[in-house]
Amino acid sequence: MPEGPELHLGSLYVNKMCAGVVFTGPVRKSEVSKSPDVPFTCEAYRITASSRGKEVKLTLTPMKSDDSKQRSKAGQADQAMDVVFRFGMSGYFRFTSEDELPKHSHLRFYSKETTCRVLSFVDTRRFGSWQANGTWQPDRGPCLMFEYESFRKNVVTHLSDRAFDRPICEVLLNQKYFNGIGNYLRAEILFRLNIPPFVPARSVLEGLESEDLCENEKPLKTEIKDEKASDRVKTVKEETGDLLRLCHTVPLEVVNQGGKGYDPKKEDYSEFKAWLQCYYVDGMKSLRDHNGRTMWFNGDPGPMAPKDLKSPKAKKRAKKTEDHDYTDKKKGAKGGSKSTPKKKVVKQETKTAKKEIEKSEEMVSPQKKKRPAARGRKTSSAEPAAGPEKRSGRVTRQSSK
DNA sequence: CGTCCACGTCTAC
DNA sequence: TAGACCTGGACGG
């Protein structure tokens with residue numbers, strides 16, 4: 001469940017399901033979990049949740065009781081405790097009866113009811129984590145959904161940070177500035193503005209204002225106050241807004257869908273799937289970025305696109321063939337290394353093998369096969385939410401200059 | 001059966 | 001800039 005919208009929906013879920021519910025006893029952890037214990041025990045407490053970017057905070061609040069005088073009753077909590085969660089790739093909350101505990105329920109809060117129910121932090125892959133007496137992770141920036149103004153300011157005032165030397169698609173995953181953006185959101189956001197993913201981030205962001213011009217003035221035309229040359233640059237997209245604004249509005253679209261956002265196993269995933277315009281959509285292109293994450297996009301990849309094709313696929317293939325070298329016609333054959341300036345074919349054939357191939361071919365959507373049930377092509381949408389070709393060329397958001 | 005892929009961090013060479 | 005950390009679903013043979 002894990003980008004900003006899913007984390008927030010998770011906090012809404014907890015608040016809804018646990019409203020009025022009294023919890024009791026210790027917080028229990030699964031045997032297999034390596035995350036820290038949550039040393040909280042209380043006769044009667046409540047649970048509320050809030051979210052910030054890609055974190056959720058649960059607040060455990062002891063209830064007042066008559067015998068609060070004997071509060072020191074053997075380690076019973078009398079102070080509230082915050083537990084801060086990160087969801088990794090597969091975390092979510094579920095509130096169930098005790099005998100319906102989900103598989104991979106790794107942290108559990110038990111209700112004080114005749115038929116006990118349990119709030120579980122479920123996390124199949126266990127990449128998620130929690131921290132008792134936790135605080136928002138200090139290195140993460142403001143929430144781009146619910147601290148929009150400070151989010152903007154944080155980006156705009158730090159553009160000299162070397163972090164912005166990277167391609168925009170990679171910077172969008174930097175939680176120090178984009179707390180809440182994940183792999184599907186970066187694809188959707190860049191797609192909507194037609195920004196090539198591998199364009200230098202600073203060139204896309206410089207010139208943007210700390211304040212959102214879109215929000216204050218609808219007419220927006222009243223920006224006459226400052227027409228010094230850079231007119232062109234600051235022409236905000238009337239309809240959509242600039243990149244930073246979309247980092248705010250696009251995640252909110254997912255939140256406003258209700259449901260649970262990205263969760264292929266759920267039935268109501270179809271609505272989310274239909275919402276996606278780019279990520280994993282048939283006909284879109286994809287490339288591994290410099291961190292090995294798949295970037296989905298349409299059109300031009302941009303100047304900083306990885307040249308070297310060091311995909312995991314290539315590695316595996318290398319292993320397999322590393323003994324029978326001459327069988328390696330593989331697929332590199334087609335590319336035709338026309339202008340390879342360096343004939344120096346390094347030993348690591350895997351990495352250099354196809355450094356100069358035509359961009360176009362290797363990056364067309366990799367899997368032609370059927371996709372996982374949950375990810376099928378856009379089903380019966382009469383209007384496939386703006387086809388690729390439909391947009392290409394238009395709205396050319398000249399990134400840099 | 002095996003390989004590849006997945007919504008994200010982390011820390012170690 | 002690799003890997004490590006994990007489980008499980010979809011495919012391919």
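Convention: sequence-line order gives letters A, B, ...; per-chain numbering from 1.
Side-chain atoms of A:Thr294 lie closest to B:dA6 of the nucleotides B:dA6, C:dT7, B:dG8. Looking at the side chain of A:Arg86, the nearest of the listed nucleotides B:dC10, B:dA6, C:dG8 is B:dC10. Counting only heavy atoms from C-beta on, A:Arg125 has its side chain closest to C:dT7 among B:dG8, B:dC10, C:dT7. With C:dG8, B:dA6, B:dT9 as the candidates, the nucleotide lying closest to the side chain of A:Tyr280 is B:dA6. Listed nucleotides: B:dG8, B:dC10, B:dC5. Nearest to the side chain of A:Lys54: B:dG8.
The shortest distance between the side-chain N/O atoms of A:Gln137 and the OP1/OP2 oxygens of B:dC10 is below 4.0 Å. One finds no side-chain N or O of A:His290 lying less than 4.0 angstrom from the OP1 or OP2 phosphate oxygen of C:dA2. Within the 4.0 Å cut-off from OP1 or OP2 of C:dA4, not a single side-chain nitrogen or oxygen of A:Arg126 is found. In terms of phosphate contacts, A:Lys103 brings a side-chain nitrogen or oxygen within less than 4.0 Å of OP1 or OP2 of C:dG8. Phosphate contact (OP1/OP2 of B:dT9, side-chain N/O of A:Gln175, threshold under 4.0 Å): present. Residue A:Arg288 places no side-chain N or O under 4.0 Å from the OP1 or OP2 atom of C:dA2. In this model, the phosphate group of B:dC5 is not approached by any side-chain N or O of A:Arg293 to a distance below 4.0 Å at OP1 or OP2.
Using atom C1' as the reference point in both C:dG8 and B:dC10, the two lie 23 Å apart (nearest Å). Rounded to a whole angstrom, the distance from the C1' atom of C:dG9 to that of B:dT9 is 23 Å. Atom P of C:dG13 sits at a distance of 12 Å from the matching atom of B:dC4, rounded to the whole Å.
At least one side-chain heavy atom of A:Phe198 sits less than 4.5 Å from a side-chain heavy atom of A:Leu287.
Between A:Arg152 and A:Glu209 there is no salt bridge, since no side-chain N of the basic residue sits under 4.0 Å from a carboxylate O of the acidic one. Salt-bridge formation is not detected for the pair A:Lys176/A:Asp139: no Lys NZ or Arg NE/NH1/NH2 atom is positioned less than 4.0 Å from an Asp or Glu carboxylate oxygen.
Aromatic stacking is marked for A:Phe127 over B:dG8, as both cut-offs hold: 5.5 Å for the centres and 30° for the planes.
Aromatic ring pairs are classed by plane angle as parallel below 30°, tilted from 30° to 60° and perpendicular above 60°; the pair A:Phe151 and A:Phe178 is perpendicular.
Annotation for A:Glu188 and A:Tyr279: closest pair OE2-N, 2.8 Å, computed over non-hydrogen atoms.
Backbone-only engagement by A:Arg140 is indicated by non-hydrogen atom pairs under 4.0 Å involving sugar-phosphate atoms exclusively.
For A:Glu170 and B:dG8, the CD to P distance is 14 Å, given to the nearest whole Å. Counting to the nearest Å, the P atom of B:dT9 and the CZ atom of A:Arg186 are 12 Å from each other.
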